[in-house]
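Supplied in structure tokens, the structure appears directly below.
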Protein chains: 2
Amino acid sequence: MDYQALQANFRRYIQLTDEEAQYFFSLLKPQKLKARRLLLDIGDPCLYFSLVTEGCLVNYYTDDNGFEHVLQFATTFWWTADLQSLMNGTPSMYTIKAVVDSEVLRLSRADMELLYQQIPKFERYFRIIFQNALMSHQTRIMQNIAYPAEERYRQFQQTYPHIEQLVPQKYIASYLGITPEFLSKIRRKMAKK
Amino acid sequence: MDYQALQANFRRYIQLTDEEAQYFFSLLKPQKLKARRLLLDIGDPCLYFSLVTEGCLVNYYTDDNGFEHVLQFATTFWWTADLQSLMNGTPSMYTIKAVVDSEVLRLSRADMELLYQQIPKFERYFRIIFQNALMSHQTRIMQNIAYPAEERYRQFQQTYPHIEQLVPQKYIASYLGITPEFLSKIRRKMAKK
DNA sequence: AGTTTTTCTTAATCTAGTTCAATGCGAAGG
DNA sequence: CCTTCGCATTGAACTAGATTAAGAAAAACT
């Protein structure tokens, strides 16, 4: 893990002294995941908030008929977790899986609270992180209810070009709220023009 | 406005001294809105984060064909704004309208920054507010892509029974991502059983 | 290197939800 | 008090997207 790059990323939100950064990094536990391995399985309590440092993870819900629905992708410098499970201690409703070989830094719920108390600047950091995440979730909801699938796919390509290269199409279909078959149809139609 | 009730609500998140609460309240500007009046019009910059103290507001996006798509409802103790516009100073993409006679307390962007500096506890307060909002947005996205309209309507009724009484059905349909006609059909079907 | 598993594609059929148009009705506002 | 406007409902025709099934291609394990 490149701590230089990580520190630079944090500087976009808050200014940390070297000791503070040191302390923060000491709370993080690295974990490597081969492609298709699970970071979190449905039913298990989510114990960590995980910062992706390499690769790409996918967070999905499995419905009563066994169909998977993608809630979010997480690439480098993105946090991922089942927030509901993490905050309430309830069993996870989501699965988190590495789509390619990946690495994360895990921060436990308890260490997170500790961090808030030791370095209140992190309240600000996560306030901004959550605020940004909220805005992009709002945009996604609007696009889902206001635009047809083809338009949403175009938007996705524009917004996350790197993710499109990285993950299987079926996950992208699922993220868009359509079947892989229908995404395939859309792609053929778009290619023809 | 009942400041007692408001203070009690804040105590769920952070502990404020009387002076701190006093200072915070001094930054808030009350505004009354008759039913169907706008708090924010599309194209205008969103200048305030507004805390609803009475009534109910609706935040919606208007697409290229003039159709309205509800992003959120806001009742007592909920904050509302076009976050993107508020944070970036860009023209608003959303309209915010009172659905019934309502009252809000407005906090300007500048005063919000001031508040963070004067009373860092508010970083924590809004961190929790955004975190909770994010979780409910995640749930909404999952329900939208994983479940059919009737199921989503049932969930809505369970989760927000008070809102269902308060707002016109067409807004609920829009929130669910369906047409008013189809919601009408669903209701008839549900009534028959 | 061969076999299994996963992913993508294509086409036919089906359905949840839309569109359009007409009607009735209650509530706002002059 | 009346008239306009916003809201809900109904039904018929339509379409975006789902489902099912089958085959091809690619990737993953042995």
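These values consider heavy atoms only, across backbone and side chains, with no hydrogens, waters or symmetry-generated copies. In what follows, every chain begins at residue 1, and chains take the letters A, B, ... in the order their sequences are listed.
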Between Gln22(A) and Tyr3(A), is any side-chain donor less than 3.5 angstrom from a side-chain acceptor?
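No, no side-chain donor-acceptor contact under 3.5 Å.
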Rounded interatomic separation in angstrom, taking NZ from Lys189(B) and P from dG11(D):
16 Å
With a cut-off of under 6.0 Å to the ring centre and 45° to the axis, is Arg127(A) in cation-pi contact with Tyr116(B)?
yes
Whole-Å distance separating the CD1 atom of Ile172(B) from the C1' atom of dT9(D)
16 Å
Roughly, in whole Å, what's the span from CG in Asp101(A) to C1' in dA27(D)?
13 Å
Looking at Arg154(B) and Glu150(B), is any side-chain nitrogen of the basic one under 4.0 Å from a carboxylate oxygen of the acidic one?
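Yes, Glu150(B) and Arg154(B) are salt-bridged.
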How does protein contact run along nucleotides 12-19 of chain D, one letter per nucleotide 5' to 3', with B for base contact, S for sugar-phosphate only, - for none, heavy atoms under 4.0 Å?
B----BBB
Any chance you could list the contact pattern along nucleotides 22-30 of chain C? Use B for base contacts, S for sugar-phosphate-only contacts and - for none, protein heavy atoms under 4.0 Å, 5' to 3'.
---------
Euclidean distance, atom CD of residue Glu151(B) to atom P of dG17(C) [Å, nearest integer]:
11 Å
Under-4.0 Å side-chain N/O to phosphate OP1/OP2 contact, Arg188(A) with dT9(C):
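Result: no.
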Tell me whether the rings of Tyr171(B) and Phe73(B) are parallel (<30°), tilted (30 to 60°) or perpendicular (>60°).
perpendicular
Check the distance between dA16(C)'s P and Asn144(B)'s CG and give it to me in whole angstrom.
17 Å
Going by distance alone, is a donor N or O of one side chain under 3.5 Å from an acceptor N or O of the other, for Gln84(B) and Thr90(B)?
no
Euclidean distance, atom CZ of residue Arg187(A) to atom C1' of dT7(C) [Å, nearest integer]
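After rounding, the reported distance stands at 12 Å.
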Heavy atoms of other groups near Glu113(B) CD, more than 12 under 6.0 Å
yes
If I take atom CD in residue Gln169(B) and atom P in nucleotide dC7(D), what distance separates them, rounded to the nearest angstrom?
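Between P of dC7(D) and CD of Gln169(B): 11 Å.
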I'd like to check Val104(A) versus Leu51(A) (side-chain heavy atoms, cut-off strictly below 4.5 Å). Are they in contact?
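No - every pair of side-chain heavy atoms lies 4.5 Å or more apart.
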How many Å lie between NZ on Lys170(B) and C1' on dT9(D), as a whole number?
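These atoms are roughly 15 Å apart.
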What class does the angle between the rings of Tyr125(B) and Phe122(B) fall in, given that below 30° is parallel, 30 to 60° is tilted and above 60° is perpendicular?
perpendicular
Any cation-pi pair here, Arg140(B) with Phe156(B), using under 6.0 Å and within 45°?
no
